[in-house]
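The structure under discussion appears below in the form of structure tokens.
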Amino acid sequence: MNRLFGKSKSTGPSPNLTDCIAGVDGRADSIEKKIARLDAELVKYKDQMKKMREGPAKNAVKQKALRVLKQKKMYEQQADNLRQQSFNMEQTNYATQSLKDTKTTVAAMKLGVKDMKKEFKKINIDEIEDLQDDMSDMLEQADEVQEALGRSYGTPELDEDDLQAELDALGDEILMDNDNTFLDEAINAPNAPSKEPGTETVKDGLPVDEFGLPQMTS
């Protein structure tokens, strides 16, 4: 049967951009190493030519240097091409991965909306509104109970005008209680006589009485 219809070729795994990028980068790195070796040879030939006189020997070294320089330019061009290929594949890989992430995000959002609709069907809006109304009524009743418990009994009815007059009078009494002018008068009052009346003292050559006042002499 295989001779008549041929044998189908075994298909291998599909190419992967990540693996391709790694392979291209590896080739570019290998070329960069070759360029580095050529740079070292150019430096060696340049140093040799500095020490040589003009002549066939120096020209031979110069030809070797030119050949190495041409190889270096070729390798640099190849390395640039490989780096550009790697960059293009990285951009393609990034765009592909972004699309996959977007697809996953959209699928997750659809599933989330579906679950929300399913759970929302289990909720009765009317029951929630009734519950809110019941809570409001209960709180209002609790306020009435607190108000009833705080009610005062046996308190005489008082006229607001009388209370205002008493309040004003209370303010005047407080001001009078805070008046300390009598203390100032007591402090500034003359001292009590330190000697008995009739005792004479002399001040500035004049006799004075017990209050320090000059006495009238006969």
Side-chain angles (χ1 to χ4, degrees), residues 1-139 142:
M1 295 294 292
N2 292 335
R3 292 179 180 178
L4 294 176
F5 299 100
K7 186 178 180 180
S8 61
K9 296 181 179 179
S10 60
T11 58
S14 58
N16 188 303
L17 275 177
T18 303
D19 296 336
C20 292
I21 293 171
V24 172
D25 287 339
R27 291 168 58 191
D29 292 339
S30 177
I31 293 176
E32 293 289 349
K33 293 178 181 179
K34 293 179 180 180
I35 293 174
R37 287 197 299 268
L38 293 177
D39 283 333
E41 289 185 24
L42 287 173
V43 172
K44 182 180 67 174
Y45 291 145
K46 187 175 180 180
D47 292 338
Q48 288 179 2
M49 286 187 294
K50 287 181 180 179
K51 300 175 183 179
M52 298 174 68
R53 296 179 180 181
E54 296 294 335
K58 185 175 182 179
N59 290 333
V61 175
K62 185 177 181 180
Q63 291 300 321
K64 292 180 181 179
L66 290 175
R67 184 175 63 253
V68 171
L69 183 59
K70 290 179 181 179
Q71 293 178 2
K72 176 185 174 184
K73 293 297 183 181
M74 181 186 64
Y75 283 138
E76 287 178 346
Q77 185 176 3
Q78 293 178 2
D80 291 340
N81 291 334
L82 290 174
R83 295 300 186 190
Q84 186 62 42
Q85 292 177 19
S86 177
F87 175 77
N88 293 336
M89 287 188 292
E90 285 179 354
Q91 294 298 313
T92 304
N93 192 22
Y94 174 78
T96 304
Q97 189 61 41
S98 297
L99 290 175
K100 291 180 179 179
D101 294 340
T102 302
K103 182 180 178 181
T104 303
T105 303
V106 172
M109 292 177 65
K110 288 182 178 180
L111 182 60
V113 172
K114 183 178 179 180
D115 292 339
M116 288 178 61
K117 291 180 179 180
K118 182 179 179 181
E119 296 298 329
F120 191 77
K121 291 180 180 179
K122 300 178 182 180
I123 299 175
N124 191 335
I125 300 298
D126 295 334
E127 291 181 358
I128 296 177
E129 292 180 352
D130 294 340
L131 179 62
Q132 293 290 338
D133 293 338
D134 293 341
M135 290 180 63
S136 178
D137 294 339
M138 292 298 297
L139 291 175

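Note that the structure is a prediction, hence the values are computed from the model and not measured.
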>> Can you tell me if K58 has over 12 outside heavy atoms packed within less than 6.0 Å of its NZ?
In response: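 Enclosed: over 12 neighbouring heavy atoms sit under 6.0 Å from NZ of K58.
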
>> Just to verify, which of L82, N81, N88 counts as forming a side chain to side chain contact (heavy atoms under 4.5 Å, CB included) with Q84?
In response: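 Going through the options one by one, the only one that passes is N88.
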
> Any chance the side chains of N59 and Q63 put a donor and an acceptor closer than 3.5 Å?
Replying inline: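 No - no donor-acceptor pair under 3.5 Å links their side chains.
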
>> Can you pull out every side-chain hydrogen bond (donor to acceptor under 3.5 Å, both in side chains) where at least one residue sits in residues 94-107? Sequence neighbours excluded, please.
In response: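 Residue pairs with at least one partner in residues 94-107: Q97-D101.
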
>> Filter on side-chain hydrogen bond (donor to acceptor under 3.5 Å, both in side chains), then keep only pairs touching residues 24-33, sequence neighbours left out; what's left?
In response: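 Non-adjacent pairs meeting side-chain hydrogen bond (donor to acceptor under 3.5 Å, both in side chains): D25-S86, D29-R83.
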
>> Could you work out, with side-chain contact (heavy atoms from CB on, under 4.5 Å) as the rule, every residue matching N93, not counting sequence neighbours?
In response: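 side-chain contact (heavy atoms from CB on, under 4.5 Å) list for N93, sorted by chain: L17, T18, I21.
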
> Can you list the residues that meet the side-chain contact (heavy atoms from CB on, under 4.5 Å) rule with K70, with sequence neighbours excluded?
Replying inline: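 Partners of K70 by the side-chain contact (heavy atoms from CB on, under 4.5 Å) criterion come out as none, since no residue qualifies.
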
Name each donor-acceptor pair under 3.5 Å that joins a side chain in residues 119-135 to protein atoms two or more places apart or in another chain, with its distance.
residue, atom, partner, partner atom, Å
N124, OD1, D126, N, 3.0

> Measuring from I35:CD1 to K73:NZ, what's the distance to the nearest 0.5 Å?
Replying inline: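 Reported to 0.5 Å precision, the distance equals 10.0 Å.
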
> Say you draw a straight line from CD1 of I31 to CD of Q78; how long is it, rounded to the nearest 0.5 Å?
Replying inline: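 Between atom CD1 of I31 and atom CD of Q78 there are 4.5 Å.
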
>> Which heavy atom of Y75 sits nearest to which heavy atom of L38, and what is that distance?
In response: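 Answer, listing the atom of Y75 first, then L38: CD1-CD1, 3.5 Å.
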
> Can you list every salt bridge (charged side-chain N to carboxylate O under 4.0 Å, His left out) pair that touches residues 36-51, not counting sequence neighbours?
Replying inline: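 Matches after skipping sequence neighbours: D39-K72.
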
